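Since we're looking at a predicted model, the values are computed, not measured. Hydrogens, waters and symmetry mates play no part in the numbers below; they use all other heavy atoms, side chains included.
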Amino acid sequence: GFFVVVVVLVFFLELIGSLFERMTPSSTIRVFCLGCRGLLYKYNKKGKGQLVKCFLHKISKDNTVERGVCPKCEGVFAKPVIIKGKEANKIISGKVFWK
């Protein structure tokens with residue numbers, strides 16, 4: 001009854017959300033350490049907003065050795081998190097810039 005309707009509705013909302021996410025255009029950006037200007041990664045970013053998190057599956061080139069740590073100056077720029085079941089790096093404000 002009601003539970004089945006809710007489950008089906010949630011399924012369709014997830015499906016629509018994932019289709020919308022795939023249709024949003026992405027651009028490859030370069031993420032740099034603000035402390036030493038070292039290149040951290042190339043990332044396929046969607047949308048025009050700030051860089052708050054980087055999903056690991058969307059990083060096209062990763063120059064870091066340790067997750068969330070700059071390989072050049074060893075400054076911590078992000079903390080590892082899991083968002084909606086996907087691994088990501090939560091960017092610490094004021095630690096990176098991107099172009």
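- Under the 4.5 Å side-chain heavy-atom criterion for ILVMFWY residues, a single connected hydrophobic cluster contains both Val81 and Val96.
- You'll find the side chain of Pro71 reaches within 4.5 Å of the side chain of Leu40, heavy atoms only.
- Follow the hydrophobic side-chain contacts under 4.5 Å out from Val4 and you reach Phe12 in the same cluster.
- Clustering ILVMFWY residues whenever any of their side-chain heavy atoms sit less than 4.5 angstrom apart, transitively, puts Phe77 in the very cluster that holds Ile83.
- Between Ala78 and Ile92, the shortest heavy-atom contact is N-CD1, 3.9 Å.
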Worked check of side-chain contact (heavy atoms from CB on, under 4.5 Å) between Asn63 and Lys61: CA-CA 7 Å; Asn63 292 332; Lys61 181 165 178 21; 3.2 Å; yes
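- In this structure, NZ on Lys46 lies 5.5 Å from NZ on Lys58, to the nearest 0.5 angstrom.
- Closest heavy-atom contact between Lys53 and Tyr43: O-OH, 3.7 Å.
- The environment of NZ in Lys95 is sparse: at most 12 heavy-atom neighbours from other residues, nucleotides or ligands sit within 6.0 Å.
- Residue Val69 is not grouped with residue Leu34 when hydrophobic side chains (ILVMFWY) are merged at heavy-atom distances under 4.5 angstrom, including chains of intermediate members.
- Taking each heavy atom of Ala88 and Phe55 in turn, the nearest pair found is CB-CD2, 3.8 Å.
- If you take CZ on Arg67 and SG on Cys54, they are separated by 10.5 Å, rounding to the nearest 0.5 Å.
- The closest side-chain heavy-atom distance from Lys90 to Val52 is below 4.5 Å.
- Rounding to the nearest 0.5 angstrom, the gap separating the CD atom in Glu14 from the CG atom in Leu9 is 11.0 Å.
- Taking the six-membered ring where the residue is Trp, Phe97 and Phe32 present parallel rings, their angle staying beneath 30° rather than reaching 60°.
- In terms of heavy atoms, Asn89 sits closest to Leu56 at ND2-CD2, 3.7 Å.
- Counting heavy atoms from C-beta on, the side chains of Asn44 and Thr28 come closer than 4.5 Å.
- Considering all non-hydrogen atoms of both residues, Gly38 and Lys72 come closest at CA-CD, 4.1 Å.
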